[in-house]
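Source: prediction; values computed, not measured. So that the names make sense, note that chain A is the first sequence line, chain B the second, and so on, each numbered from 1.
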There are 2 protein chains.
Amino acid sequence: MIQIMSSLFQYFKNFNSLSKEAEEAIAGISNTMCIKKNKDLQPIGYTCKTIYFVNKGVARIYYHKDAIDITEGFYFENNIIARVESLFTGKPSRKAIQILEEAEIVAIDAIALFKLYDKFPEIERLFRKIFEAGHVDTVNRIEGIQFHSAEERYKALLNEANDVLKKVPLKYVASYLGITQVSLSRIRALQ
Amino acid sequence: MIQIMSSLFQYFKNFNSLSKEAEEAIAGISNTMCIKKNKDLQPIGYTCKTIYFVNKGVARIYYHKDAIDITEGFYFENNIIARVESLFTGKPSRKAIQILEEAEIVAIDAIALFKLYDKFPEIERLFRKIFEAGHVDTVNRIEGIQFHSAEERYKALLNEANDVLKKVPLKYVASYLGITQVSLSRIRALQ
DNA sequence: GTAATTATTTATCTTATGATAAAAGAATAG
DNA sequence: CTATTCTTTTATCATAAGATAAATAATTAC
């Protein structure tokens, strides 16, 4: 527990350093957990009220479109996961978070966190910056999806996250890339 | 000037109400301007240091990929424009902001704004919420790009922003939809 | 108002990806 | 260890969108 939390605080330092009191306040609204492979951390249909930190393991966000499973994104060690389209709007999420490889997680109560923002502007700033970085990633991803062929996207993913492709079922990678599994298999056969 | 600023403050109220002092502080770092059609408000290659509010008119963010002009997004009356991938990282932007229809704009000095965050947590909160909303839009857009056909995307755009297609050259719409202009023309011929 | 430029459509041909089915390979349960 | 289930690949055919070229239409400049 203590070790996981200190990884989280270390991660925070990349964005905004916190006072001891602020760290303690966050610790007070956080739980650590170990989750087994293939478990859903959060199911579809509920409003996102938790922000997760992946200390160890792999997770993905997915949803269903016409009964087909689609991976929105993969999340690895030392990253925050949240379904922002629900967290920031208060609307139920059509997306779920699933653990793909046994994971060590910190769950931060988002409702309690938002209350801490009033008392600790430094915490509000921290999460503003964390989500700004996520926002930038999302904007950059649009470019990738919109103007590269499936093959280019696959190669780019290989480059930036070779590990992904070793740890994660290819059917999930295919929908992440916006193609069918059959297409991905065809592309892989070319290499 | 006064009228434009009050539209801006009205827009702010959708996210977070400000004290009179906070409004005055923002007014102190803002300029209003009228920009002619086809002018670049911000050129490619410079770091984004201004946040714009479109009071009247239409703008787009665009960039070049392999010497082809690509529209990242359209921005209409009563909206904020910023190249977040530069604003939040401090890196030069590969994107430009262009006015497509004579526009009345408020330009907010972003560097000065970020300094105001220390004195006015309410301003930090306001812009956190504004950009959170932008973040949600971006996440939702990925879904649209990734899992709908060009025809579906075109129809969706017709639905949500019919005006766009009346005011904006179709070549810009095509790249926004992620297709060539010839494809867009073909799709339009089907309707 | 005419010429020049720019935007849009139409046509043809090519290609990447989808849909479907089936085979091969890997993981899991008992 | 074997049977069952799940994942990945291979094959075939259909189709949406790209590339290129040329024709038409609309804007803009003079």
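Atom CZ in B:R186 sits about 11 Å away from atom C1' in C:dT9, given to the nearest Å. Here the C1' atom of nucleotide C:dG18 and the CD1 atom of A:I187 are 12 Å apart, to the nearest Å. Taking atom NZ of A:K65 as the reference point, atom P of C:dG18 lies 15 Å away to the nearest angstrom. Taking atom CG of A:L184 as the reference point, atom P of C:dA19 lies 15 Å away to the nearest angstrom. Going from atom CG of B:L100 over to atom C1' of C:dA7 covers 14 Å, rounded to whole Å. One can place CG of B:D69 at 13 Å from C1' of C:dA7, the figure rounded to the nearest angstrom.
Residues from residues 174-183 of chain B lying near DNA chain C, meaning a heavy-atom separation below 4.0 Å, are B:Q181, B:V182 in numerical order.
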At a cut-off of 3.5 Å, list every protein nitrogen or oxygen paired with a nitrogen or oxygen from nucleotides 24-30 of chain C, distance to 0.1 Å.
none

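With a 6.0 Å cutoff to the six-membered ring centre and a 45° limit on the axis angle, B:K129 does not count as a cation-pi contact of B:F15.
Taking the six-membered ring where the residue is Trp, B:F12 and B:F127 present perpendicular rings, their angle passing 60° and hence far from 30°.
Counting any heavy atom pair closer than 4.0 Å across all strands shown, B:R188 reaches sugar-phosphate atoms only and no base atom.
Residues passing the side-chain contact (heavy atoms from CB on, under 4.5 Å) test with B:F114, sequence neighbours excluded: B:L87, B:A110, B:Y117. Judged as a salt bridge (charged side-chain N to carboxylate O under 4.0 Å, His left out), and not counting sequence neighbours, B:K115 has no contacts.
Note that the first and last nucleotides of DNA chain D, 5' to 3', having any atom under 4.0 angstrom from a heavy atom of chain A are D:dT7 to D:dT12.
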Show the numbers, then the answer: is there a salt bridge (charged side-chain N to carboxylate O under 4.0 Å, His left out) between A:R186 and A:E151? CA-CA 10 Å; A:R186 189 157 36 193; A:E151 186 177 348; over 6 Å; no

Given B:K167 and B:E101, is the salt bridge (charged side-chain N to carboxylate O under 4.0 Å, His left out) satisfied, shown in steps? CA-CA 8 Å; B:K167 293 182 181 178; B:E101 197 169 79; 3.8 Å; yes

Show, in sequence, the C-alpha distance, side-chain angles and deciding distance for A:S19 and A:E122, and conclude whether the side-chain hydrogen bond (donor to acceptor under 3.5 Å, both in side chains) test is met. CA-CA 8 Å; A:S19 64; A:E122 58 183 315; 2.8 Å; yes

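Ionic pairing of A:E132 and A:R128 is present here: one or more N-O contacts between side-chain nitrogen and carboxylate oxygen are shorter than 4.0 angstrom.
Each of A:V106, A:I97, A:I80 was scored for a side-chain contact (heavy atoms from CB on, under 4.5 Å) with A:Y52, with one residue passing: A:I97.
Contact annotation: the side chain of A:V58 never approaches that of A:E102 to less than 4.5 Å [non-hydrogen atoms, C-beta and beyond].
In this model, no donor atom of one side chain and acceptor atom of the other lie less than 3.5 Å apart for A:R83 and A:S86.
Closest heavy-atom contact between A:L184 and A:L170: CD2-O, 3.5 Å. B:R188 and B:Y154 make their closest contact through NH1-OH, 3.1 Å (heavy atoms, listed as atom of the first residue, atom of the second, distance).
Annotation: the terminal axes of the helix from C:dG1-D:dC30 to C:dG30-D:dC1 meet at 60°, where each axis is the rotation carrying the C1' atoms of four end pairs onto the next four (5 pairs per end, rounded to 10°).
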